[in-house]
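Convention: sequence-line order gives letters A, B, ...; per-chain numbering from 1.
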Protein chains: 2
Amino acid sequence: MNKPIQQRTLKTRARLVAAAQEIIKEVGHEALRTEEVVKRAKVAKGTFFAHFPDKDALLDLLIGEELNSCVDGLAELPPPASVEALVAQLMPLLDLMSRSRMVFDVIVRYSGAAAIEEVGPIAENFGKQLDLFIRWFDPLGNHPFRRDISPELMGEGVQAFVIQAIALNFCNLHNDVDMTKRLTQYLRAWLLPPT
Amino acid sequence: MNKPIQQRTLKTRARLVAAAQEIIKEVGHEALRTEEVVKRAKVAKGTFFAHFPDKDALLDLLIGEELNSCVDGLAELPPPASVEALVAQLMPLLDLMSRSRMVFDVIVRYSGAAAIEEVGPIAENFGKQLDLFIRWFDPLGNHPFRRDISPELMGEGVQAFVIQAIALNFCNLHNDVDMTKRLTQYLRAWLLPPT
DNA sequence: CTCCAAAATTGACTACGGTCATATTTACAT
DNA sequence: ATGTAAATATGACCGTAGTCAATTTTGGAG
């Protein structure tokens with residue numbers, strides 16, 4: 001019933017977010033500086049940290065939004081009819097997650113509900129991904145995937161392998177062709193019933 | 001043939017490492033400060049960074065060593081005869097990797113050969129883990145696991161699921177009983193042929 | 001309208017990782 | 001021994017995330 005949330009707060013927060021988005025568009029996530037954010041948002045340093053516990057929380061929010069629109073896009077597609085189709089459909093997500101080492105690190109760190117408390121935007125998005133996978137792997141659906149384990153478990157495995165594939169991709173100068181191949185190999189072994 | 005490596009270098013490096021190990025034993029990885037390391041090692045700040053590219057490289061080394069003695073211990077065990085036995089054998093590794101959020105983050109970041117160049121101690125250890133798994137999953141061996149995919153692929157999957165299980169464990173106040181259960185569930189679905 | 005307590009904002013300040021020009025030490029040739 | 005070039009060490013300095021006591025703004029009670 002109480003309404004302790006002020007109009008001013010929303011405005012300030014929106015300015016901070018807008019400034020950050022602008023900066024990221026210009027110089028990328030890696031070069032984001034809180035000083036630059038507050039300068040453009042025309043607020044003091046302390047104000048930033050009154051709105052976000054730390055810089056990573058802002059990145060959680062921004063990257064979470066990007067992930068959301070990406071997953072929303074996926075949700076409109078029909079359930080994939082093969083591992084190859086699945087991997088192809090996931091490519092936009094893969095591209096986003098592997099855009100830069102820093103983005104990937106933030107995603108990995110926050111995908112598991114980061115802090116002990118508080119589920120952030122990225123963690124929420126991973127829940128959303130899971131819902132989507134559960135639909136795609138519905139045992140009642142017409143797909144070639146295994147039916148001996150729950151679709152939820154299948155989805156969690158897909159997430160684990162996506163992260164693994166991207167992580168290995170950041171290594172030995174593998175390019176994304178190899179990432180796709182590797183993920184396909186993982187998911188064939190994970191999702192297909194042995195012939 | 002050239003011998004450009006000085007005795008002094010080794011001494012200094014050893015002192016830095018020893019100081020860091022001492023500090024970590026006292027206050028944990030999270031509270032490690034380079035300033036404290038150089039103070040105890042009786043060297044200047046700059047010397048630290050002449051020996052390690054950054055603080056994380058030192059952690060890579062130290063955590064890598066811990067992982068190595070852990071995996072060496074695992075290597076003396078006989079191949080596990082069930083998923084439950086496998087998970088039980090892996091527990092020391094799981095405990096080490098999930099000791100703290102920071103340790104886990106460093107491991108995840110460096111497990112995939114961190115930088116584009118240079119394979120560090122943690123990445124090397126993950127290779128060693130893989131060798132061990134390949135032995136355990138030898139298709140010629142007497143074990144209940146699937147034989148339709150390469151043991152290497154099986155091992156990579158185990159690594160992916162271990163990371164997934166730990167990551168989720170850092171979330172929703174799940175304790176390690178749940179981590180064990182979750183990993184068992186993953187590995188049953190990953191390693192066992194459908195009945 | 002006036003006053004007040006809570007909410008929001010401020011910016012100087014701290015902590016700490018990392019840099020770099022300079023100084024010192026080492027190894028070796030002569 | 002002496003000179004000297006390369007390797008190593010130094011510490012003042014910098015950049016940036018994050019803190020906090022003090023200040024300003026807000027919305028509402030009387």
Side-chain angles (χ1 to χ4, degrees), chain A residues 1-20 23-24 26-63 101-102 105-106 109-110 114-115 118 120, chain B residues 1-20 23-24 26-63 101-102 105-106 109-110 114-115 118 120:
Chain A
M1 281 316 162
N2 53 355
K3 180 181 149 293
I5 179 125
Q6 296 189 4
Q7 207 56 239
R8 187 173 41 151
T9 311
L10 268 12
K11 288 265 190 187
T12 304
R13 192 185 165 92
R15 283 222 311 284
L16 284 166
V17 170
I23 295 167
I24 287 171
E26 287 175 22
V27 297
H29 294 81
E30 336 264 332
L32 184 73
R33 299 283 171 269
T34 60
E35 312 231 341
E36 184 63 23
V37 174
V38 298
K39 193 176 127 197
R40 294 210 196 185
K42 299 252 179 46
V43 296
K45 190 81 166 285
T47 303
F48 181 97
F49 293 97
H51 285 262
F52 303 97
D54 52 33
K55 190 182 144 183
D56 277 357
L58 173 62
L59 286 171
D60 183 14
L61 180 73
L62 296 178
I63 295 172
R101 179 80 220 188
M102 187 203 196
D105 285 345
V106 171
R109 168 183 305 238
Y110 282 82
E118 286 304 312
Chain B
M1 275 320 160
N2 53 354
K3 181 181 149 294
I5 180 125
Q6 296 189 2
Q7 207 55 239
R8 186 171 44 148
T9 310
L10 268 11
K11 287 265 190 189
T12 305
R13 193 184 165 92
R15 282 222 310 285
L16 284 167
V17 170
I23 294 167
I24 287 171
E26 285 174 23
V27 297
H29 295 80
E30 338 263 334
L32 185 72
R33 298 284 169 268
T34 60
E35 313 229 341
E36 183 65 23
V37 174
V38 298
K39 195 176 126 195
R40 293 210 197 185
K42 299 252 178 47
V43 296
K45 190 83 166 283
T47 304
F48 181 98
F49 293 97
H51 285 262
F52 303 97
D54 52 32
K55 190 182 145 183
D56 277 358
L58 173 62
L59 286 171
D60 184 13
L61 180 73
L62 297 178
I63 296 173
R101 179 79 220 188
M102 187 202 194
D105 285 345
V106 172
R109 167 184 306 240
Y110 282 81
E118 285 304 313

Send over the distance from [X] [atom1] to [N] [atom2], rounded to a whole Å.
X       : N      : atom1 : atom2 : value
B:Lys39 : D:dG11 : NZ    : P     : 15 Å
B:Leu16 : D:dT10 : CG    : C1'   : 13 Å
B:Arg13 : D:dA7  : CZ    : C1'   : 16 Å
B:Lys11 : C:dT26 : NZ    : C1'   : 15 Å
A:Phe52 : C:dT9  : CZ    : P     : 12 Å
A:Leu10 : C:dA8  : CG    : P     : 10 Å
B:Phe49 : D:dA12 : CZ    : P     : 16 Å
B:Leu59 : C:dG18 : CG    : C1'   : 15 Å

Mind checking if [X] touches a base, just sugar-phosphate, or nothing, with heavy atoms under 4.0 Å?
X       : answer
A:Lys55 : sugar-phosphate
A:Thr34 : sugar-phosphate
A:Leu32 : sugar-phosphate
B:Leu58 : nothing

**Request:** Confirm from the modelled atom types if A:Lys45 and C:dA12 form a donor-acceptor pair under 3.5 Å, side chain to base only.
**Result:** no
May I ask you to evaluate whether [X] reaches the phosphate of [N], defined as a side-chain N or O under 4.0 Å from OP1 or OP2?
X       : N      : value
A:His51 : C:dT9  : yes
A:Arg33 : D:dT16 : yes
B:Thr12 : D:dA9  : yes

Of the candidate nucleotides [options], which contains the atom at the shortest distance from the side chain of [X]?
X       : options                : result
A:Arg8  : C:dA8, C:dG11, D:dA9   : C:dA8
A:Thr9  : C:dG17, D:dT8, C:dA8   : C:dA8
A:Thr47 : C:dG17, C:dT9, C:dG18  : C:dT9
A:Asp54 : D:dT10, D:dG18, C:dT10 : D:dG18

**Prompt:** Backbone N or O of A:Val43 within a donor-acceptor pair of the A:Thr47 side chain at under 3.5 Å?
**Reply:** no
**Message:** If the threshold is 4.0 Å, N to carboxylate O, is there a salt bridge linking A:Arg40 and A:Glu36?
**Reply:** yes
